[in-house]
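So the structure is just underneath, and the comments pick up after that.
We name chains A, B, ... by the order of the sequence lines, and we start the count at 1 in each one.
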Number of protein chains: 2
Amino acid sequence: MKLAANLQEQVASHLRRRILSGQILPGTPLREQNLAVEFGISRGPIRDALLHLTKEGLLLAKPNVGVRVAAEPSAFKRHVIVHLRREIEASAVTAWFATRDPALLKRLDDNLSQYKDACGGSDLGQVVELDMAFHRLVVETADQGSLVDLWQPIMLRMFLRYSRHRDLMESYNEHAGIVRAMHAGREWEALEALKLHIV
Amino acid sequence: MKLAANLQEQVASHLRRRILSGQILPGTPLREQNLAVEFGISRGPIRDALLHLTKEGLLLAKPNVGVRVAAEPSAFKRHVIVHLRREIEASAVTAWFATRDPALLKRLDDNLSQYKDACGGSDLGQVVELDMAFHRLVVETADQGSLVDLWQPIMLRMFLRYSRHRDLMESYNEHAGIVRAMHAGREWEALEALKLHIV
DNA sequence: GTTGTTGAAATTGTTGACAATAGACAATTG
DNA sequence: CAATTGTCTATTGTCAACAATTTCAACAAC
């Protein structure tokens with residue numbers, strides 16, 4: 001986990017994690033002044049961070065009123081989002097199979113072992129982080145990572161919510177299945193596993 | 001055209017238009033101080049606007065250095081973007097055909113007549129504005145506009161560049177063709193025309 | 001010649017004070 | 001009593017000053 005040099009990134013990462021892990025529920029208002037004292041900094045960087053998160057779809061902003069944590073997407077919107085994510089990540093995987101750069105496989109293996117532990121543990125924030133990191137690794141590989149900024153806000157808007165043990169290990173197994181297919185060079189299988197994993 | 005209450009939105013709209021219409025070329029650095037004096041306001045709202053545009057993909061930000069107008073997407077990225085736009089807008093059109101709300105048709109007809117004039121004229125900013133407005137109208141219709149925030153950054157990242165007369169009237173005709181199919185209730189034809197229009 | 005160092009200029013990052021606005025609630029009016 | 005108007009407070013919007021960082025050129029050391 002890279003630590004940002006500037007405050008706005010630190011604040012944004014922190015809030016992003018708390019929202020995604022369900023510690024701050026949809027509808028909750030976030031006040032600049034409150035956050036400023038909570039983080040012990042001024043309102044400036046807080047404003048920047050909130051703007052970031054708003055553009056990422058995690059917050060909903062109303063001029064002169066402030067921001068609140070956005071609601072989860074409607075079924076219709078989620079359906080579209082799923083298609084978009086599949087399109088992006090499948091494109092990335094397809095691009096990878098053209099080169100089969102082993103560097104990615106190594107990074108995915110590393111991520112997998114960490115993810116396994118996290119899924120067994122109780123830190124949901126960690127689970128979220130590693131799950132996103134897995135998919136980001138895949139997306140980063142293609143076309144010098146040009147797809148990342150396209151992918152991130154779409155991914156975030158899914159508001160992936162994790163429920164205990166049951167799902168988590170299943171999620172790990174799906175990740176593992178994708179990586180296994182990539183190791184074996186079976187493109188169709190990898191793409192199919194990816195498609196089934198994104199729901 | 002709605003005028004924003006706060007400065008940051010005004011600045012963002014203004015810069016967005018200038019970038020999309022090619023008045024500010026890719027790679028051009030944008031300095032906060034310069035813009036502040038140019039607009040006659042302080043750096044605060046400028047910062048906010050630049051952050052907006054960065055998240056929209058029009059600018060590229062480097063910490064402690066500043067922002068520059070982003071480069072046009074690579075062929076690979078553009079290819080993905082085209083797929084995503086088609087997915088979103090096609091979903092919206094499909095949703096419209098379930099209701100066939102005539103309000104949209106009226107708005108599209110209005111937009112078309114304005115667009116026709118603009119394509120004949122010389123104000124590229126106006127052309128960009130109306131072209132985006134057309135597609136936004138379509139996207140806004142579905143699911144209470146929930147897709148708009150998903151769609152906008154993807155649309156903007158295409159860096160649609162317009163070349164003189166030839167293309168413009170062709171673009172108008174394609175818009176008109178889509179609307180014609182919708183008026184006639186021919187869903188397949190509308191979707192096909194839309195798909196061919198987004199390239 | 002190449003490489004490292006240093007310092008000044010330009011630029012962004014951060015801060016605290018002040019202005020403007022929205023929303024709630026009380027006062028007023030018909 | 002309903003509707004409107006006024007006022008107050010919490011909150012965001014804006015500003016100008018200051019701090020930190022990057023960049024680049026001049027210059028020294030090897």
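At most 12 non-hydrogen atoms from other residues, nucleotides or ligands lie less than 6.0 angstrom from CZ of A/R68. No more than 12 heavy-atom neighbours from other residues, nucleotides or ligands sit within 6.0 angstrom of CD on B/Q144.
Per the geometry, CD belonging to B/Q8 stands 6 Å off P belonging to D/dG13, to the nearest Å. Atom CG in B/L7 sits about 13 Å away from atom C1' in C/dT21, given to the nearest Å. Protein atom CG of B/N6 is 10 Å distant from nucleotide atom C1' of D/dT12, rounded to whole Å.
The stretch residues 30-42 of chain B touches DNA chain C through B/L30, B/R31, B/E32, each having a heavy atom under 4.0 angstrom from the strand. For DNA chain C, the residues of residues 44-59 of chain B within the heavy-atom distance limit of 4.0 Å (strictly under) are B/R47, sorted by number.
In this structure the side chain of A/Q23 never reaches within 4.5 angstrom of the side chain of A/R17, judged on heavy atoms. Counting only heavy atoms from C-beta outward, the side chains of A/T141 and A/T99 never approach each other to under 4.5 Å.
At a threshold of 4.5 Å between side-chain heavy atoms, the hydrophobic network of Ile, Leu, Val, Met, Phe, Trp and Tyr places A/V127 and A/M169 in one connected group. Cluster membership for B/L50 and B/L60, using ILVMFWY side-chain heavy atoms within less than 4.5 angstrom, is not shared.
The ring-ring contact (aromatic ring centres under 6.0 Å, His included) contacts involving residues 125-146 of chain A comprise A/F134-A/H175, A/H135-A/H175, A/H135-A/H197, where partners must be two or more places apart or lie in separate chains.
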Applying side-chain contact (heavy atoms from CB on, under 4.5 Å) to B/L35 and B/V11, what does each step give before you reach the verdict? CA-CA 9 Å; B/L35 295 171; B/V11 173; 5.8 Å; no
Protein and nucleotides 18-22 of chain D: nitrogen or oxygen contacts under 3.5 angstrom:
from   : atom 1 : to    : atom 2 : distance (Å)
D/dT21 : O3'    : B/N64 : ND2    : 3.4

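For A/F97, the ring pair (Phe, Tyr, Trp, His ring centres under 6.0 Å) test picks out no residue, with sequence neighbours left out. Contacts of A/H183 classified as ring pair (Phe, Tyr, Trp, His ring centres under 6.0 Å), with partners at least two apart in sequence or in another chain: none.
Listed pair B/K62 / C/dG13 fails the phosphate criterion, with no side-chain N or O lying under 4.0 Å from OP1 or OP2.
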